[in-house]
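One-based numbering along the sequence shown.
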Amino acid sequence: MIKQFSKEVISKLKYYVYIYSDPETGEIFYVGKGIGNRVFSHLTDAADTAKSRMIKRILEKGQEPKIEILIHGLEDEHTALKVEAAIIDLLGKEKLTNKVRGWQSGVFGRVEVNQLVSHYERERVQIEEPAILIRLNSTFRYDMTDIELYDATRGVWRIGDDREKAEYTFAVFDGIVHEVYKIITWFQAGSTFSTRGFLDRENRWEFVGKKADEAIGTKYIGKSVEHYLSRGAQNPIKYVNIKNNENEI
């Protein structure tokens with residue numbers, strides 16, 4: 001196997017996106033982007049990661065991982081990052097040894113066309129019911145299942161007693177409503193079944209609810225509520241139409 005590119009090849013490659021796959025099964029296990037000889041750096045990576053362990057197992061069999069350049073000639077790293085993110089979204093991170101999803105894939109990654117239109121058209125909507133907007137910043141993915149989105153929205157939060165005044169919670173990402181839930185009741189964090197793991201449950205709450213009626217969902221899902229949200233605010237919780245409240249982080 002070639003372990004490095006010549007200067008001539010590097011000049012032609014520019015930025016590129018590459019893949020590592022198992023030589024026996026052909027299954028891709030890592031997607032990366034780079035320039036120069038970045039593609040070969042994983043072969044000597046001593047870090048204890050899923051990727052390095054996979055490469056080590058292949059080498060111990062007397063084989064070598066299959067390394068392919070998926071696309072090259074990219075003029076800048078920004079473009080390479082977007083391509084890398086798209087490939088990770090297409091293959092599915094759960095099938096790869098990549099630690100994280102691609103760069104800004106929450107915004108630029110795999111997305112249904114109706115969600116894409118909502119993201120850019122940003123039709124504003126006025127909320128009429130007592131509600132809590134919950135911003136799902138790092139946890140949101142466009143390809144989340146219904147249960148994943150529900151679980152990410154319902155807890156666990158540091159939230160004050162005014163939570164009891166809300167009728168609905170809105171799952172919000174990048175200012176757009178992705179689902180609306182009718183709140184049934186609130187529980188101390190960890191009291192109900194959850195697919196999410198949290199170490200810190202003290203003074204935190206989670207709700208149990210159900211998807212709002214179709215009329216409510218149609219009214220708000222896909223619409224922009226960013227006019228209710230303060231830019232740069234750290235608090236993921238925002239009360240709407242609830243008086244005498246104190247937002248808590």
Side-chain angles (χ1 to χ4, degrees), residues 1-112 115 136-152 156 173 193-200:
M1 178 192 293
I2 295 173
K3 296 300 184 359
Q4 66 176 16
F5 295 128
S6 66
K7 290 183 179 179
E8 182 179 6
V9 171
I10 288 174
S11 68
K12 299 295 184 182
L13 285 176
K14 299 181 181 178
Y15 283 94
Y16 55 82
V17 175
Y18 59 91
I19 55 177
Y20 271 58
S21 56
D22 188 319
E24 291 185 345
T25 65
E27 292 185 1
I28 298 169
F29 64 85
Y30 185 76
V31 179
K33 61 85 188 169
I35 192 172
N37 285 305
R38 168 63 179 170
V39 65
F40 303 113
S41 65
H42 309 295
L43 297 172
T44 56
D45 186 358
D48 184 20
T49 63
K51 172 192 62 187
S52 62
R53 289 193 296 270
M54 182 68 176
I55 292 172
K56 184 179 180 181
R57 284 196 296 269
I58 293 171
L59 295 176
E60 287 176 345
K61 293 179 181 179
Q63 301 174 328
E64 294 176 333
K66 186 176 182 180
I67 304 175
E68 298 172 272
I69 303 297
L70 193 60
I71 185 172
H72 68 278
L74 304 175
E75 296 294 339
D76 56 80
E77 185 179 23
H78 186 81
T79 302
L81 284 165
K82 284 190 175 183
V83 174
E84 177 195 42
I87 300 305
I88 292 173
D89 272 357
L90 180 62
L91 295 175
K93 182 186 173 298
E94 67 280 357
K95 298 179 181 178
L96 302 170
T97 58
N98 293 67
K99 289 183 178 180
V100 296
R101 298 177 68 224
W103 176 82
Q104 289 197 352
S105 58
V107 176
F108 295 110
R110 188 175 184 175
V111 55
E112 293 181 7
Q115 292 176 317
L136 307 175
N137 297 324
S138 60
T139 57
F140 181 83
R141 306 188 321 272
Y142 277 108
D143 61 348
M144 295 177 85
T145 64
D146 286 349
I147 189 62
E148 286 176 328
L149 182 58
Y150 170 60
D151 227 18
V156 296
F173 175 71
F193 174 77
S194 174
T195 61
R196 303 176 68 199
F198 288 88
L199 296 177
D200 176 18

For this session: Apply side chain to side chain contact (heavy atoms under 4.5 Å, CB included) to Asp146 and list each qualifying residue two or more places apart in sequence or on a separate chain.
Result: Lys211

For this session: Could you tell me the separation between the CG atom of Leu90 and the CD1 atom of Ile88, rounded to the nearest 0.5 Å?
Result: 11.0 Å

Problem set entry | Minimum-distance pair of heavy atoms, taken over all atoms of Thr79 and Asp76 | N-OD1, 2.7 Å

For this session: Enter the distance from Asn37:CG to Lys3:NZ here, rounded to the nearest 0.5 Å.
Result: 12.0 Å

Exercise. Hey, are the side chains of Ile55 and Phe29 touching, using non-hydrogen atoms and a 4.5 Å cut-off?
Worked result: yes

For this session: For the residue pair Leu43 and Ile67, establish whether any side-chain heavy-atom pair is separated by less than 4.5 Å.
Result: yes

Seminar exercise, completed: What one should report as the nearest heavy-atom pair of Gln63 and Pro23 is OE1-CG, 3.7 Å

For this session: Just grab all the ring pair (Phe, Tyr, Trp, His ring centres under 6.0 Å) pairs involving residues 35-61, residues at least two apart or on different chains.
Result: Phe5-Phe40, Tyr18-His42, Tyr20-His42, Tyr30-His42

For this session: Quick one: closest heavy-atom pair of Thr139 and Ala152, and the distance?
Result: OG1-CB, 4.1 Å

For this session: Run the numbers on Leu81 and Lys33 for side-chain contact (heavy atoms from CB on, under 4.5 Å), then give the verdict.
Result: CA-CA 7 Å; Leu81 284 165; Lys33 61 85 188 169; 3.5 Å; yes

For this session: Could you check Leu96 against Leu91 for side-chain contact (heavy atoms from CB on, under 4.5 Å), going step by step and ending with a plain yes or no?
Result: CA-CA 8 Å; Leu96 302 170; Leu91 295 175; 4.1 Å; yes

Side-chain donor/acceptor pairs under 3.5 Å, residues 9-17, sequence neighbours excluded:
| from | atom 1 | to | atom 2 | distance (Å) |
| --- | --- | --- | --- | --- |
| Ser11 | OG | Glu8 | O | 2.6 |
| Lys14 | NZ | Glu75 | OE2 | 2.7 |
| Tyr16 | OH | Gly36 | O | 2.8 |
| Tyr16 | OH | Arg38 | N | 3.3 |
| Tyr16 | OH | Val39 | N | 3.1 |

For this session: Report the distance from atom CZ of Phe173 to atom CE of Met144, rounding to the nearest 0.5 Å.
Result: 10.5 Å

Problem set entry | Residues forming a side chain to side chain contact (heavy atoms under 4.5 Å, CB included) with Lys66, sequence neighbours excluded | Ser21, Glu68

For this session: Without swapping roles, check the side chain of Ser52 against the backbone of Ala47 for a donor-acceptor pair under 3.5 Å.
Result: yes

For this session: Check the pair Ile28 / Lys95 against side-chain contact (heavy atoms from CB on, under 4.5 Å), numbers first and verdict last.
Result: CA-CA 8 Å; Ile28 298 169; Lys95 298 179 181 178; over 6 Å; no

Exercise. Is Glu148 reaching over with its side chain to a backbone N or O of Thr145, donor-acceptor style, under 3.5 angstrom?
Worked result: yes

For this session: Determine which pairs satisfy salt bridge (charged side-chain N to carboxylate O under 4.0 Å, His left out) with at least one residue from residues 21-30, sequence neighbours left out, and list them in order.
Result: Glu24-Lys61

Problem set entry | Arg53: partners by salt bridge (Lys or Arg N to Asp or Glu O under 4.0 Å), with sequence neighbours left out | Asp48

